Amino acid sequence: MPLPHDFVFGTSTASYQVEGGVAAGGRGRSIWDDFCDRSGAIADGSSGAVACDSYHRWDEDVALVRDLGTDAYRFSIAWPRIQPTGAGPANPQGLDFYDRAVDALCEAGVAPFVTLYHWDLPAALQARGGWMVRETAERFGDYAGLVAERLADRVAMWLPVNEPVVATLFGHAIGVHAPGESRGFEALAAAHHLLLGHGLATRALRAAGAAAVGTANNHTPVHAVSDADGDVAAAALYDTIHNRAFAEPILLGEYPNGMGDGMPGPVAEDLAVISEPLDAYGVNYYNPTLVGMPGSPGTEAARDAVPDQQVQLTVPEGIPFDLVPVPAGEYTAFGWPVAPEGLTEVLVQLRDRYGDRLPPVHVTESGCSTHDVVEDGTVHDDARIRYLDQHLDAVADAIDVGVDVRGYFVWSLLDNFEWAEGYTQRFGLVRVGADQERTPKDSYAWLRDRILAVRASG
Ligand code: IFM
């Protein structure tokens, strides 16, 4: 079945990954500025200090999304530009920058989809405990109100927190992302505060007249390496942590499997805030996850089956599940399995699990890194074209069986700062060279034509 002719197409970026200009406009320091200063934290020793310089090249980037024919652009606001220390009145230069940014998109006929937190926490808040403490969630609600007061009249969709699961696991459980904490299961307090921050921000956005509020959660279909009880239980636990622990407080107002008992604060009251009804549910999808019990025969066999492929999360010893490589016909440059059927599975699973409680869905991130080579002044990124084609078909399959999917946002518009991987992974439809020159890749032209074909089908 083809995609509906009014299907929303967009691209996604995030402030620290593309903006640069970290000392411009009165911006305060973020936890990523600090994390990048740590020796060995970033694969190529780089940082987002300059990134794609979108802070100074916003209009150029808007022209790219306009010429691509996309309906929407998802970008994030850097909290330290609005509140350099994470508290107090708004920095006028920060608000002015995003005011102009939103105006530029609207003038280009592109709907702004705004993420309020894509991981660049003001460093001053980290010094007070960061997401491990409740105060940060409360501050986040204040910050959301300041931004919304200025921008709510033009923003089409608000997505308060990007991927709370990744912020929790990578940032607080295993420490491969900022703020670099390795707390294991204790990190779940950060999960609760990120969720509470989402809820408080949602209330502040509504109070300021927001047109629509959603969320952007990372989801992965989780499969057990074998039918053995230990492997099945390990997979169920990982599914609970990765998918259900973040979706269910928001959609159902409850934590799965008694997880709420270990959370800090007045959990029942907090859940009422966290589960404010939403207008949309954003799914960020990259690949499925294969899980077994540590050391089980199934886990060892699965590891041996694809010995060289990278697993996104290296699980520390003592944790009762293990993640192993996923067999696939193709892998991205990052070593992630290409599995479009996993996107259909995630979308159908969300519908089956949450029924009427699931608002209309947008795929708020989907994309791959590729081994790009510049030839004749361009990049023939056939692997990305294949990837996008297959994943758009996977969305159409989900729609075909009744899942209400309204949009698809490619991660990413630009090659950018890929967190702990620095600039070694290129996810862009547009290549960004060392001189900041933007070169649309073959996938950019392909997507433009695909969008035109969908529109023409109406
Ligand atoms: O680059 C990230 C993005 O910031 C969050 N979602 C996954 C992307 C690719 O790793």
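For clarity, every value in this text was computed on a predicted model and none was experimentally measured. Indexing begins at 1, ligand by ligand and atom by atom, following the structure's order. Numbers here simply count residues along the sequence, with the first being 1.
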Just by distance, no angles: are the side chains of T220 and Y285 close enough, under 3.5 Å, to form a donor-acceptor pair? no

Hey, which atoms in ligand 1 end up nearer than 4.0 Å to a heavy atom of Y286? 6 (N), 7 (C), 8 (C), 9 (C)

Can you tell me if Y117 and W131 form a side-chain donor-acceptor pair at under 3.5 Å? yes

A student checking ligand 1 against W419 at a 4.0 Å heavy-atom cut-off should list atoms 1 (O), 2 (C), 3 (C), 4 (O)

Check whether the side chains of Y387 and T370 place a donor and an acceptor atom closer than 3.5 Å, and report yes or no. no

E418 heavy atoms, cut-off 4.0 Å: which ligand 1 atoms fall inside? 1 (O), 2 (C), 9 (C), 10 (O)

Any chance the side chains of N284 and E163 put a donor and an acceptor closer than 3.5 Å? yes

Numbered in order shown, the ligand 1 atoms found under 4.0 Å of a heavy atom of H118 are 3 (C), 4 (O), 5 (C)

Show which atoms of ligand 1 fall inside a sub-4.0 Å distance from at least one heavy-atom site of E163. 5 (C), 6 (N), 7 (C)

Taking only heavy atoms of E365 into account, list the atoms of ligand 1 that are under 4.0 Å away from them. 3 (C), 5 (C), 6 (N), 7 (C), 8 (C)

Under 4.0 Å from one or more heavy atoms of W336, ligand 1 contributes atoms 10 (O)

From the options R384, R426, R438, select the one residue that forms a salt bridge (charged side-chain N to carboxylate O under 4.0 Å, His left out) with D415. R426

With a sphere of 6.0 Å drawn around CZ of R128, does it hold more than 12 non-hydrogen atoms of other residues, nucleotides or ligands? no

Under 3.5 Å between some N or O of ligand 1 and some N or O of Q17? yes

